[in-house]
Amino acid sequence: MTQSSNELQAELDQIIEWFESDDFDIDEAANKYQRSQEIINELNKRLKETKNKISKLKVDLD
Amino acid sequence: MSLPILTPSEFVALLNQTLEFAYPAVEVEGEVANFKLSKGRWVYFDIKDEFSSVRCFGTVYSLPGPVEDGMMIRVVASPRMHPRFGFSLNIQSLEFSGQGTIKKAADLLMQKLQKEGLFATERKRSLPYPPHKIALITSAESAAYRDFIKVLSARFGGIEIEHIDVAVQGETAVSQIVKAVDIFNRQSELADVLVVIRGGGSSDDLQAFSSEQVVRAVAASRIPSLVAIGHETDTSLAELAADLRASTPSNAAELLVPDRKSLLANLSEIEKRLNKSLESSTKDFIDLLNQKAGDLYENFRLAIEKQIEIVTKHQRTIEALSPKATLKRGFSIVRSDDKVVKSKKQLAPTSVVNLEFADGYVKAKVK
């Protein structure tokens, strides 16, 4: 399932936190860094390209 | 010509039929007199001018707010003859008219709703930021709609906006806005935020948003609400009842979503920060590896040195104990027939022995 932008942002925040913590592991760091780049690219793409979807509800108000 | 003889009930029915055909609805403006509220639900009053007075009947739900004698109002009503109570105008909708009355009505309603706690800050909920789905109530033809969509789209994307097009002024505005709020609140998948907006106008134009029905609908909304009515200086009661108030429709869009430019800049900052973190962590890791390698080499060197020292010591001991070293100290080994002589009893007189010294051999005869 596609992650929402909020979920991606939260995952990115976790990665930043991991990098700034003491649990550094060189193998994991490579994976996490790669994932962070993927998230950043995806968020950049979404921010630049995603349009809002507007729909008018057909309802009887009278 | 003979007239048909009618019963009173038949006459009332005939009259109502005629009235309904001739005047399905009338709009009458005048001053309120003898206002009465019955059982918290029914309202009775007269609408009058200098010469005439007409009885009016309606429900409290059709009123835009508290009504008092002396107020100027405009009602849309159906003329009806009640079988027992006589003629009245059955109110469909009621609006305050005249600046003085509008202000007074708004003040009265504000006091009443304030007392009930509808504007209390502790009722205010926070709005999801940014929302995924927006329920929008406004007129599709309005500048408010255009400004809101324009600013929202410039700032952020990926939002689903469902819009109900309503009249934002006039006699149908209140009922349409209330119904739209109700429809959005009955959806199986509720929107994250309910947005009610309208551009600037006269206080008369903005009246619907200070009506009791709209204010109560906004206050009762299960969906957190954001209301922006008129210009910055206008304050409607619906705005006070909302979870969040914006000064204008454009401002409403600004409050709802972040600006993508600042988010992009923020992402770029995050990327730099991560690069720096990775670089610094990798450097720390390499430094640690180097330090460990250094420690390992040092430990290895010390272990080897210790081993050499032990071997040397052993070597010295062995050397000290070796026969060669003993010979050097002045001892000699006596052999007879290639056997080491350990006792004088092994030797007979005149036997020849072989003596080994540190620097060589000599033969000797035993006496």
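What you see is a predicted model, and the numbers here were worked out from it, not measured in a lab. In the text below, chain A, chain B and the rest are named by the order of the sequence lines, each starting its count at 1.
Side-chain contact between A:I15 and B:L274 is present, with at least one heavy-atom pair separated by less than 4.5 Å. Residues B:V76 and B:V28 are not in side-chain contact: their nearest non-hydrogen atoms beyond the backbone lie 4.5 Å or more apart. Annotation: side chain of B:F57 is not in contact with side chain of B:I91 (no heavy-atom distance under 4.5 Å). In this structure the side chain of B:V195 never reaches within 4.5 angstrom of the side chain of B:I161, judged on heavy atoms.
For B:A217, the side-chain contact (heavy atoms from CB on, under 4.5 Å) partners two or more places apart in sequence, or in a different chain, are B:V178, B:V181.
Residue A:I39: no heavy atom, backbone or side chain, is found under 4.5 Å from chain B. Both the backbone and the side chain of B:L263 come within less than 4.5 Å of a heavy atom of chain A. Of the two parts of B:I177, neither the backbone nor the side chain holds a non-hydrogen atom closer than 4.5 Å to a non-hydrogen atom of chain A. B:F156 touches chain A through backbone and side chain together, each having a heavy atom under 4.5 Å away.
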I'd like a table of all donor-acceptor pairs linking chain A to chain B (distance under 3.5 Å, no angle check), giving the atom names and the distance to one decimal.
residue : atom : partner : partner atom : Å
A:E20   : OE1  : B:R273  : NH2          : 3.2
A:E20   : OE2  : B:R273  : NE           : 2.9
A:E20   : OE2  : B:R273  : NH2          : 3.3
A:Y33   : OH   : B:N275  : OD1          : 2.0
A:L47   : O    : B:R260  : NH1          : 2.4
A:K51   : O    : B:G158  : N            : 3.2
A:N52   : OD1  : B:G158  : N            : 3.2
A:N52   : OD1  : B:I159  : N            : 2.9
A:N52   : ND2  : B:S153  : OG           : 3.4
A:N52   : ND2  : B:F156  : O            : 3.1
A:K53   : N    : B:I159  : O            : 2.8
A:K53   : O    : B:I161  : N            : 2.7
A:S55   : N    : B:I161  : O            : 2.8
A:S55   : O    : B:H163  : N            : 2.8
A:K56   : NZ   : B:D165  : OD2          : 3.4
A:L57   : N    : B:H163  : O            : 2.8
A:D60   : O    : B:K179  : NZ           : 3.2
A:D62   : OD1  : B:Q176  : NE2          : 3.3

Derivation of the side chain to side chain contact (heavy atoms under 4.5 Å, CB included) call for B:I197 and B:I229: CA-CA 5 Å; B:I197 50 172; B:I229 306 300; 5.6 Å; no

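Of the inter-residue distances, the one linking B:L256 atom CG with B:I159 atom CD1 reads 7.5 Å to the nearest 0.5 angstrom.
Among residues at least two apart or in separate chains, there is no ring pair (Phe, Tyr, Trp, His ring centres under 6.0 Å) pair with a member in residues 249-275 of chain B.
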